[in-house]
Amino acid sequence: MNNSQKNGDSIHVSVCTGTNCAFRGASQLVEALRAEKDIQEHCIIDEMSCPNKVCDHSRRSPVVKIDGDYVLEAKLEAIMDDVHTRIEKKREAKP
């Protein structure tokens, strides 16, 4: 566990890896997130099942939740940009 996780200021990224979301690219999202060192150092990345069928039987898949905010029809580039932006904001907020 790194220092940001110990301090509780990590960004929490959950990717739905249920059948519909996995079919539409969720596995690649998880791999890409876990492959970047900067993201590994500042984020907790886990897998989930869509709560309350947020994916709407794959019409909104894949689903990603970043610090409680749902992203529907998640695209790799957009998710990576969002996570990097949140990391930068946390860095800027530190004294």
Open item on the list: Could you tell me if the side chain of Q40 sits less than 4.5 Å from the side chain of L33, heavy atoms only?
Closed with: no
- [ ] Report yes or no: do N20 and S61 form a side-chain donor-acceptor pair below 3.5 Å?
- [x] no
Open item on the list: Do V63 and Y70 have side chains that approach each other closer than 4.5 Å (heavy atoms only, starting at C-beta)?
Closed with: yes
- [ ] Find out if a path of hydrophobic residues (ILVMFWY) with successive side-chain heavy-atom gaps under 4.5 Å connects F23 to V15.
- [x] no
Open item on the list: I need the R60 CZ to C16 SG distance, nearest 0.5 Å.
Closed with: 13.0 Å
Open item on the list: Show every salt bridge (Lys or Arg N to Asp or Glu O under 4.0 Å) that has at least one partner inside residues 17-34, sequence neighbours left out.
Closed with: R34-E47
TODO: I would like to know whether I66 and V64 meet side-chain contact (heavy atoms from CB on, under 4.5 Å); could you show each step before the answer?
DONE: CA-CA 6 Å; I66 306 171; V64 177; 3.9 Å; yes
Task: Set of residues satisfying salt bridge (Lys or Arg N to Asp or Glu O under 4.0 Å) with respect to D67, sequence neighbours excluded - done: none
- [ ] Kindly give the heavy-atom pair with the smallest separation between M48 and S14, and that separation in Å.
- [x] SD-CB, 3.7 Å
TODO: Check I44, I45, I87 against I11 for a side chain to side chain contact (heavy atoms under 4.5 Å, CB included) and give me the one that passes.
DONE: I87
Task: Counterpart residues, salt bridge (Lys or Arg N to Asp or Glu O under 4.0 Å), relative to K37 (two or more places apart) - done: E41
Side chains of residues 75-85: which donor-acceptor pairs under 3.5 Å do they make with residues two or more places apart or in other chains?
from	atom 1	to	atom 2	distance (Å)
D82	OD1	R86	NE	2.6
H84	NE2	E36	OE1	2.9
T85	OG1	D81	O	2.8

Open item on the list: Tell me whether K89 is salt-bridged to E92, with the criterion being a basic N under 4.0 Å from an acidic carboxylate O.
Closed with: no
- [ ] Go through the steps to decide whether R91 and D38 satisfy the test salt bridge (charged side-chain N to carboxylate O under 4.0 Å, His left out), and finish with yes or no.
- [x] CA-CA 12 Å; R91 283 184 182 142; D38 197 36; 2.4 Å; yes
- [ ] With rounding to the nearest 0.5 Å, note down the distance linking CD1 in I39 to OG in S10.
- [x] 13.0 Å
Open item on the list: Side chains of D9 and H42: any donor to acceptor distance under 3.5 Å?
Closed with: no
